[in-house]
Amino acid sequence: MTRKWWHDKVAYQIYPKSFYDSNGDGIGDLPGIISKLDYLQDLGVDIIWLSPCYSSPLADQGYDISDYYKIDPRFGTMEDMDRLIAEAKKRNMYILMDLVVNHCSDEHEWFQKACEDPDGKYGNFFYLREKKEGELPTNWRSYFGGPVWDDLPGTNKQYLHVFHKKQPDLNWENPEVREEVYKNINWWLDKGLGGFRIDAIINIKKALPFQNYEPDREDGLCSIKTMLKEANGVGKFLGEMRDRTFKKYDAFSVGEVFDEKPEEIPDFIGDDGYFSSMFDFNETIFGQSQKGWYDAKPITPDDYKRCCFESQKKIGDIGFLSNIIENHDEPRGVSRYIPDGDCFDKSKKMLAALNFMLRGLPFIYQGQELGMENMSFHSIDEIDDISTLDEYQVALDAGLSQEEALKVASRYSRDNARTPMQWSDEENAGFTSGTPWLKVNPNYTSINAASQLKDPDSVRSFYKKLIALRKSPEYKETVVYGELTPLWEEQHNLMAYSRKGDKTLYVIGNYQREEQSVTLPGACQKVLLNNYPDLQADGNTIRLYGYQVLILEM
Ligand code: GLC
Ligand code: CA
């Protein structure tokens with residue numbers, strides 16, 4: 001594996017709308033981010049991924065872009081963006097933008113022009129089909145529910161949208177579309193961006209010609225994933241994109257890739273892969289059901305361990321995964337991966353260390369470093385996210401009561417991660433002086449940055465230590481490149497592994513409330529990190545406290 005500039009970095013995801021509001025309109029913005037760069041630098045962050053802040057009607061919170069060359073006025077101006085890039089650079093930080101090019105917004109000029117003249121140049125920017133009464137071009141269900149087809153306004157045609165109807169899919173088969181995308185990427189890279197996170201990219205290749213598949217629910221539709229499974233040749237587009245853009249700049253790119261085939265991994269993230277890295281979603285997709293969230297199976301500590309190790313084994317040293325505990329599309333990781341009733345600082349730190357020490361590039365999602373938790377939603381009206389509203393309806397249609405459906409929606413809602421960042425115990429968690437666009441989690445009085453900054457034992461201080469360890473001259477080589485081998489793999493509710501580089505480190509987490517023991521094969525040289533003040537050892541046998549995590553040098 002060739003060494004790259006970004007391997008030893010630590011990345012942090014910002015969801016701009018909910019990060020910090022500088023002007024009191026209740027919406028986070030770029031000047032707000034700039035004012036918090038020192039906070040991020042203090043934590044040890046190098047790479048910042050911004051969820052979309054381009055011009056957008058925000059139907060899917062910015063993942064519906066109406067102008068790829070403009071900043072949405074709600075988030076600021078292009079001058080703010082330039083300033084953010086420059087201020088980041090001063091601190092040796094890199095900014096990644098979100099590249100959303102499977103689709104644009106129905107308010108994008110291209111789509112407007114396609115409506116005016118569906119047989120002209122811009123009609124071919126999208127997937128259009130003649131409208132037939134009582135029949136859809138195909139029976140595919142969109143990710144956010146309902147058919148993927150809607151009427152193209154003012155015409156006798158329909159257009160394809162695999163996500164929301166305000167997110168028409170771009171026709172990547174059309175070279176003119178691809179040229180527009182590359183032009184845009186290079187324009188941003190010329191501005192000095194560090195690279196991109198690449199949204200929903202597997203969807204750009206459709207199985208042609210379009211056809212119906214076996215329906216999988218009573219609505220007579222089939223999951224969009226059924227079509228994607230049949231689609232071959234996404235690599236041709238991705239390779240071209242790499243060569244025409246990222247490669248020339250040595251930019252960092254991380255793909256949101258689902259369902260890749262094992263034999264394709266080298267193509268995706270090998271030495272000359274389409275992307276620098278891709279996210280590991282093995283834990284996040286665990287327990288998913290075709291039927292919907294209401295049928296999903298919760299994940300246990302043993303499942304969590306298995307998922308992590310499976311990914312590690314699959315990737316080996318082919319490339320670098322990007323490891324996450326959560327993102328803006330998922331509930332809070334501590335609420336999901338820590339058994340109910342056990343979510344407190346010790347267990348949060350354990351989860352942090354187990355994930356952070358995996359081989360790959362760690363990504364922290366805003367507030368994760370504080371141990372921010374899921375929201376408890378009291379009514380579906382408190383939820384804004386379109387995907388959650390759909391899943392709520394799916395649960396009701398399946399016969400769940402309103403109360404049960406709300407429970408399901410709350411458990412998995414993307415809005416759990418989108419509640420405003422908890423900066424302090426002041427009003428609205430110090431996020432805004434106005435009315436926040438989404439309700440603040442009421443636990444901000446106990447979970448917030450201001451108090452954790454002062455507390456050497458806080459979850460944030462623990463994250464800071466983890467980051468410092470990854471960067472320390474002594475251990476860096478091992479933490480970044482060391483080979484990972486699972487330890488005591490069959491021991492119930494224990495997740496442990498070694499990292500072998502020029503040093504040997506053991507990461508051991510007791511993933512339960514009860515104590516349990518492990519016997520080390522040799523003497524421990526040094527305890528590098530411990531989420532308890534002490535360690536119960538008898539010779540080489542360690543009796544681990546509930547949710548104790550240790551990083552040992554052997
Ligand atoms: C990705 C984004 C998600 C968005 C979807 C459509 O999965 O992370 O937030 O809704 O793509 O753009
Ligand atoms: Ca604002």
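Atom NZ of Lys4 and atom CG of Asp250 lie 7.5 Å apart (nearest 0.5 Å). Here the CE-CD1 distance, from Met372 to Ile447, works out to 8.0 Å after rounding to the nearest 0.5 Å. Note: Leu494 CG to Asp302 CG = 9.0 Å, rounded to the nearest 0.5 Å. From Gln422, atom CD reaches atom CG of Asn443 across 5.0 Å, with rounding to the nearest 0.5 Å. Here the straight-line distance linking atom CG of Asn531 with atom OG of Ser347 works out to 9.0 Å at 0.5 Å rounding. Here Lys503 contributes atom NZ and Thr478 contributes atom OG1; the two are 6.5 Å apart, rounded to the nearest 0.5 Å.
By the 30° and 60° cut-offs, the orientation of the rings of Tyr545 relative to Tyr532 is parallel. Under the 30°/60° scheme for interplanar angles, the aromatic rings of Tyr143 and Phe163 are found to lie parallel. Ring geometry for Tyr39 against Trp423 counts as perpendicular: the plane angle is over 60°, on a 0 to 90° scale with 30° as the lower cut.
Atom NZ of Lys191 sits in a crowded spot, with more than 12 heavy atoms from other residues, nucleotides or ligands closer than 6.0 Å. The 12-atom threshold is not exceeded at NZ of Lys407, counting heavy atoms of other residues, nucleotides or ligands nearer than 6.0 Å. Within a 6.0 Å radius of CD in Glu263, other residues, nucleotides and ligands contribute more than 12 heavy atoms. Within a 6.0 Å sphere centred on CG of Asp538, other residues, nucleotides and ligands contribute 12 heavy atoms or fewer. For Gln516, the CD atom counts as densely surrounded, since its 6.0 Å shell holds more than 12 non-hydrogen atoms of other residues, nucleotides or ligands. Within a 6.0 Å radius of NZ in Lys248, more than 12 heavy atoms belonging to other residues, nucleotides or ligands are found.
Judged purely by distance below 3.5 Å, without hydrogens or angles, the side chains of Ser458 and Asp455 never pair a donor atom with an acceptor atom. A side-chain donor-acceptor contact under 3.5 Å links Tyr63 and Asp98. Inspection of the Tyr15 and Asn327 side chains reveals no N or O donor paired with an N or O acceptor under 3.5 Å. For the residue pair Asn416 / Ser413, no side-chain donor-acceptor distance below 3.5 Å is found, with atom types taken as modelled. Under the 3.5 Å distance criterion, with hydrogens and angles disregarded, a donor-acceptor pair is assigned to the side chains of Gln548 and Asn530.
Look at Lys313 and Glu310 and you find no salt bridge, because none of the NZ, NE, NH1 or NH2 atoms lies under 4.0 Å from a carboxylate O. At a threshold of 4.0 Å, the pair Asp280-Lys314 does not count as salt-bridged, since none of the basic side-chain nitrogens sits closer than that to a carboxylate oxygen.
Listed by first then second residue, pairs satisfying ring pair (Phe, Tyr, Trp, His ring centres under 6.0 Å) with a partner in residues 350-376 read Phe279-Phe363, not counting sequence neighbours. Applying the salt bridge (Lys or Arg N to Asp or Glu O under 4.0 Å) test to residues at least two apart or on different chains, the pairs with a partner in residues 346-372 are Lys348-Glu373.
For Ser517, the side-chain contact (heavy atoms from CB on, under 4.5 Å) partners are Thr541, Arg543, not counting sequence neighbours. Remark: Asp38 pairs with Arg91 by the side chain to side chain donor-acceptor pair (under 3.5 Å) rule, at least two apart or across chains. A search for side-chain contact (heavy atoms from CB on, under 4.5 Å) contacts involving Leu487 returns Ala496, Ser498, Tyr506, not counting sequence neighbours. Scanning for salt bridge (charged side-chain N to carboxylate O under 4.0 Å, His left out) contacts around Glu240 gives Arg178, with sequence neighbours left out.
Geometrically, Arg3 engages Tyr481 in a cation-pi contact defined by less than 6.0 Å to the ring centre and at most 45° from the axis.
Residues Cys307 and Phe286 approach most closely at SG-CD1, 3.8 Å, considering heavy atoms.
A salt bridge (Lys or Arg N to Asp or Glu O under 4.0 Å) with Glu326 is found for one member of Arg336, Arg332, Arg414 and no other, namely Arg332.
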